[in-house]
Amino acid sequence: MKQDVLPVEADLVAALCPPGAGADLHALASRIFPICRSITGDGVRQTLDVLGEGIDLVRTETPTGTPVLDWTVPLEWEIRDAWIKNAAGERVVDFNAHSLHVLNYSTPVRATMRLADLKPHIFTLPDQPDLIPYRTTYYQQRWGFCMTHNALEALPDGEYEVCIDASLKAGSLTYAEYVHAGEVEDEVLLQAHICHPSLANDNCSGLALLAHLASAMKSLKTRYTYRFLFAPGTIGAITWLARNPDAASRVKHGLVLSCVGDAGGPTYKRTEMGDAPIDRIMSHVLKHAAPAPSIIDFFPYGYDERQYNSPGFRMKVGLFQRSQFATFPEYHTSGDNLDFISAEHLEGSLRMVAQAIEVLERDGRFVNTAPMGEPQLGRRGLYSTIGGDKDAYSKNMAMLWLLNQSDGRHSLLDIAERAKLPFSVIAATANILRASGLLIPAD
Ligand code: ZN
């Protein structure tokens, strides 16, 4: 067996997504789940404290009132407590039990009122009476609570004491980045939104995946520079873009990650351009990772791909999800909890992102150094490298495709597509052929 003499390059996907990574992701998501985040405030900073344990996150605070593109950084929201007490003084709604109970960005209130007067300030889901809705009031000053419809229906008439111990005052908006420097300045942007309170899939899952990936990449040498951005949705991405036009112009590929822990999908939403390299890469990866992936065209609604793909930027940033947002009944409710995401699906998502990074890092064009007829593989020990392997057939086909297509014009991804084989198999086989001298880089 000649297997040992052929160097196999370090497995990039395994380095970024080691076995058992899903359990780590779920544990990390579980730690940040209870924190009440919003577009500003200490919830974001507390979350960054946890996510930053394994990476050198650089935080940026942008003061309230700062103009950012067409927007203005808003007041900072602090929430300390919120409750509704019945006549007996019992908390019938308690912010400490679930961060969704307070209308996110609510103004403060302290009052006693009849149930009929309180009801206009209470949000429920009559069609999903056991779930608490997630509601925000970022751009309109008002106060309110969210609760299950069943709990509201069970409240007897009478007087209730309400308290939202919150403040809205001048402060700052927080985002954080980790930049992994590669050989070239061209950047890959990976972003997750950090503004949602206790919602597991949307988006503790994305935050955990991104933090894990950044940490796993620390010790690796990469060609591209990778920027991991943890920013509040919309206003956070807009603030980052306003402050970083140069970095934005260096971004050649990118992904927004959200809802990456549930059992649905996977889903990839293309860039505005529609045929950017990242579009092709994600389409390839998802097709080989799942039986029925959903690859959808860009539309100007959703997450921060909207900002990156706006006409002034047109960054090639797509959106990766499991279930598409707003299509699952748990979306923006207390049903989006830690039971709704699983280690298995988090790990699957991480692996797909790692596979996309593998394509970005390893794709290239090669030339067959023995192009006249098929080279004699047995003499070079190449058949023995694949003999007995359970994936022998695909590796054998990968070798033949690589030798046939490596005329300097076809990239490894081109070859993988034409051979209908995963890029990983083509790339690993290309390494074997390079080691034998049968393939050399085209330039
Ligand atoms: Zn959301």
Side-chain angles (χ1 to χ4, degrees), residues 29 32-41 43-44 47-48 51 71 74 77 79 98-106 123-125 127-128 131-140 144 146 173-175 190-211 229-240 255-269 294 296 298-309 317-341 345-346 349:
I32 61 176
F33 178 77
I35 301 172
C36 185
R37 286 162 291 270
S38 187
I39 50 175
T40 58
V44 174
T47 305
L48 292 171
L51 299 177
W71 299 56
W77 187 60
I79 177 73
H98 207 302
S99 76
L100 291 181
H101 276 313
V102 68
L103 176 66
N104 202 280
Y105 232 66
S106 174
F123 300 87
T124 67
L125 294 167
D127 294 339
Q128 294 170 290
L131 299 177
I132 309 166
Y134 163 53
R135 291 281 187 278
T136 66
T137 186
Y138 297 146
Y139 304 106
Q140 184 193 343
C146 301
L173 176 146
T174 314
Y175 64 72
L190 299 166
Q191 188 237 320
H193 64 281
I194 194 168
C195 50
H196 283 32
S198 303
L199 296 164
N201 201 31
D202 180 18
N203 192 30
C204 294
S205 67
L207 296 168
L209 192 158
L210 212 55
L229 175 59
F230 303 85
T234 308
I235 188 68
I238 283 171
T239 303
W240 183 85
L255 288 174
V256 169
L257 304 171
S258 81
C259 304
V260 293
D262 69 293
T267 303
Y268 175 70
K269 176 181 159 186
S294 175
I296 57 178
F298 178 82
F299 54 95
Y301 188 66
Y303 294 92
D304 287 322
E305 69 280 3
R306 295 150 68 174
Q307 313 308 332
Y308 304 127
N309 283 275
V317 178
L319 169 67
F320 174 61
Q321 309 199 283
R322 306 288 304 206
S323 287
Q324 190 184 345
F325 69 92
T327 63
F328 49 96
E330 295 84 355
Y331 177 73
H332 281 188
T333 75
S334 55
D336 183 358
N337 56 37
L338 292 167
D339 293 330
F340 184 59
I341 63 172
H345 297 118
L346 287 163
S349 297

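Counting convention: from 1, in listed order, for ligands and their atoms alike. The model shown is predicted, which means the values in this text are computed figures rather than measured ones.
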Review point. Would Asn203 and His193 count as having a side-chain donor-acceptor pair, cut-off 3.5 Å?
Key: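 His193 and Asn203 do have a side-chain donor-acceptor pair below 3.5 Å.
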Review point. His332 and Asp202: side-chain donor and acceptor closer than 3.5 Å?
Key: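 Note: His332 and Asp202 side chains meet the donor-acceptor criterion.
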Among residues at least two apart in sequence or on other chains, which ones pass side-chain contact (heavy atoms from CB on, under 4.5 Å) with [X]?
{"X": "Thr136", "result": "Asn104, Tyr134, Tyr138"}
{"X": "Ala237", "result": "Asp304, Gln307, Tyr308"}
{"X": "Val102", "result": "Trp77, Ile79, Ala82, Phe95, Ser106, Ile164"}

Practice item. Tell me how many protein N, O or S atoms are closer than 2.8 Å to the Zn ion (ligand 1). Key: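 Of the protein's nitrogen, oxygen and sulfur atoms, 3 lie under 2.8 Å from the Zn ion (ligand 1).
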Practice item. Give a yes or no answer on whether the side chain of Arg37 reaches the backbone of His196 with a donor-acceptor pair at less than 3.5 Å. Key: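 Yes; at least one donor-acceptor contact below 3.5 Å.
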